[in-house]
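One structure is given below, encoded as structure tokens.
Here is the naming used below: chain letters follow the sequence lines, and residue numbers restart at 1 for every chain. All values derive from a computational prediction rather than experimental measurement.
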Protein chains: 2
Amino acid sequence: MPSPQPLPAASVDRAPPAAGASPTPAFSPLYQQIKGLILQSLQAGEWKPGEAIPSEMELAARFRVSQGTVRKAIDELAAENLVVRRQGKGTFVATHAEQHVQYRFLKLVPDSGDLDSEGPAQRHIIECRRVRASADVARALAMRPGDAVLQVRRVLSFGGTPAILEDLWLPGNAFKGLTAEQMADYHGPTYAMFELDFGVRMVRAEEKIRAVSADSGQSLLLKTEQGTPLLSVERVAYTYNDVPMELRRGLYRTDTHHYRNELS
Amino acid sequence: MPSPQPLPAASVDRAPPAAGASPTPAFSPLYQQIKGLILQSLQAGEWKPGEAIPSEMELAARFRVSQGTVRKAIDELAAENLVVRRQGKGTFVATHAEQHVQYRFLKLVPDSGDLDSEGPAQRHIIECRRVRASADVARALAMRPGDAVLQVRRVLSFGGTPAILEDLWLPGNAFKGLTAEQMADYHGPTYAMFELDFGVRMVRAEEKIRAVSADSGQSLLLKTEQGTPLLSVERVAYTYNDVPMELRRGLYRTDTHHYRNELS
DNA sequence: AAGTGGTCTAGACCACAAC
DNA sequence: TTGTGGTCTAGACCACTTG
């Protein structure tokens, strides 16, 4: 290892673009390539959520680059929440389970700001059935209209009062065999269950938020008056490589809670 | 410079906590201290928005640390959007002016997703007056109830149709002399005007979002029906050091636009 | 004590922009 | 050509965790 070896690596492309190369040289720094390789391993399931990935030194040896280069690659993965560093212990694959924040993607918080006061949400599954994707569901999930999807409807309550009514649409292929019982029984974030039972890891999401008016059915389920203004939150959640794996349409009551966002 | 000088710097604290030190050693790495010093200079106005800060080499010399350490400090400042790096040119103080995204903190986008299609917002100032801070305004701005604040009410329209009705509250001291004309005449982001005319730089913000129902006055100004569900967006914007400098309460129409958010 | 991530340094070289 | 930020390396040492 200590032998002077200033040179390339297996499977990484260290050559700068040749003179007169393509108009888009697609030059990417070494650490980006390393990041891509680690990403592939994550995606391939070489290390499972919650597990440690190899140490920086090991990865440096594997890819034949310096520790600093691996470090910068991991820095970016950590910044994107794909991986979590723990000093003295190692670097771990991010997981929706055992993450001190119960719901990483849920931005609805009590007006008091005291997250712990209300404890975990109670879930009530209203239905869970196989359907065929409508045009807009298909578009959101990058499928074709008519493809099989699982639709789940449920109500989340805090301290006994309903706060969220939401529909989930999941690609039928990836979530074969998902049942209402499974949705109801698992204690912990739904996304953690997806990781454990289906190997699907949600990595990022986009939300579109609107204000709408509760119709009769919705108001019944949320125990509010018809016409109550509700927050409509449409979320598309993605796995690695920007592959959409869930469409979620939520209606949030905002009389005792609000959607919290930080801008910078 | 090339002389071996493995040692401290003027005004930076390189000593690790002494044995048996305080229970919270408050150890902070060198680059954090450098970051703090740069932050102070930003805050003190040593470099103005849009201007270049000294090069990494210069800062390294000034603080008697290596370029790499300065680099890491600036990395964090860039990650927090306080500063913008431009390869080959330098590092620049972030500004709300001349930033290709017109409104950095405005997350309302047209459903089409095409930001350019509608052009800049038209502003209509309804009023701009000195008032005394109510209890909640005072709390948000870290002032005392009764202190002087400026209140501005305005409507923003896209392509002729009103989309946002908002009230702004600004500390009277910092914004002495702000007039309705000034609010109306400046072309570009309001926060850019704050930088130019008052030396106030908004650096981050927090928003609380709810769904509400338009009352008669609001529906008139937004040209909607009374009872239309609207997005209520309460924003507190901060300068350096987490000092709140603006409270903003906006009502967004979401029939042709939506609030867009990214989660990760 | 050994192993991991975290900090700091010094120096070489590359990519980009401006002159 | 010069100066800027960006990449990469190699090595030393620090802080934290575990045995």
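- Listed candidates were C/dG5, C/dA17, C/dT9. Nearest to the side chain of A/Ser55 is C/dG5.
- Looking at every heavy atom in both residues, A/Met245 comes nearest to A/Met202 through CB-CE, 3.7 Å.
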Take A/Glu262 and B/Arg204 through the salt bridge (charged side-chain N to carboxylate O under 4.0 Å, His left out) test and state the conclusion after the steps.
-> CA-CA 8 Å; A/Glu262 305 209 337; B/Arg204 66 177 196 89; 5.0 Å; no
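- Atom CD in A/Glu76 sits roughly 11 Å away from atom P in D/dC8 (whole-Å rounding).
- Ion pairing between A/Arg235 and A/Glu207 holds under the 4.0 Å rule for side-chain N and carboxylate O.
- At D/dT4, none of the side-chain N or O atoms of B/Arg85 fall inside 4.0 Å of OP1 or OP2 (strictly under the cut-off).
- Comparing D/dG6, C/dA18, C/dC8 by their nearest atom to the side chain of B/Glu56 picks out D/dG6.
- Counting any heavy atom pair closer than 4.0 Å across all strands shown, A/Arg71 reaches a base atom.
- Protein atom CG of B/Leu59 is 17 Å distant from nucleotide atom C1' of C/dT9, rounded to whole Å.
- In this structure, A/Phe92 places its CZ atom 11 Å from P of C/dT4, rounding to the nearest Å.
- Contact check, B/Lys89 against C/dA18: a side-chain N or O comes under 4.0 Å of OP1 or OP2.
- Considering only side-chain N and O atoms, A/Thr91 lies nowhere under 4.0 angstrom from the phosphate OP1 or OP2 of C/dT4.
- Comparing atom distances between the B/Ser66 side chain and each of C/dC8, D/dC8, D/dG5 picks out C/dC8 as nearest.
- Atom-to-atom, CD1 of A/Ile34 to P of D/dC8 comes out at 9 Å; the value is rounded to the nearest Å.
- Judged purely by atom type and a 3.5 angstrom limit, A/Arg201 uses its side chain to pair as donor or acceptor with the backbone of A/Leu42.
- Nucleotide C/dT7 holds its P atom 14 Å from the CD1 atom of A/Ile74, rounded to whole Å.
- Which of D/dG5, C/dC8, C/dG6 sits closest to the side chain of B/Gln87 comes down to D/dG5.
- Residue A/Gln33 contributes atom CD, which lies 12 Å from atom C1' of D/dT7 at whole-angstrom precision.
- If B/Gln67 and B/Lys72 are placed on DNA chain C by their nearest nucleotide, the residue sitting closer to the 5' end is B/Lys72.
- Between D/dT7, C/dT4, C/dG6, one nucleotide has an atom nearer to the side chain of A/Pro29 than all others, and that is D/dT7.
- Two residues, A/Gly68 and B/Met57, neighbour DNA chain D, and the one matched to the more 5' nucleotide by heavy-atom proximity is B/Met57.
- Per the geometry, CG belonging to B/Asp75 stands 8 Å off P belonging to D/dG6, to the nearest Å.
- In this structure, A/Arg86 places its CZ atom 17 Å from C1' of D/dA15, rounding to the nearest Å.
- Closest approach to the B/Leu30 side chain among D/dG5, C/dG6, C/dC8 is made by C/dC8 (side chain taken as heavy atoms from C-beta onward).
- With B/Glu76 as reference, B/Lys35 is the one residue of B/Arg71, B/Lys35, B/Arg85 to meet the salt bridge (charged side-chain N to carboxylate O under 4.0 Å, His left out) rule.
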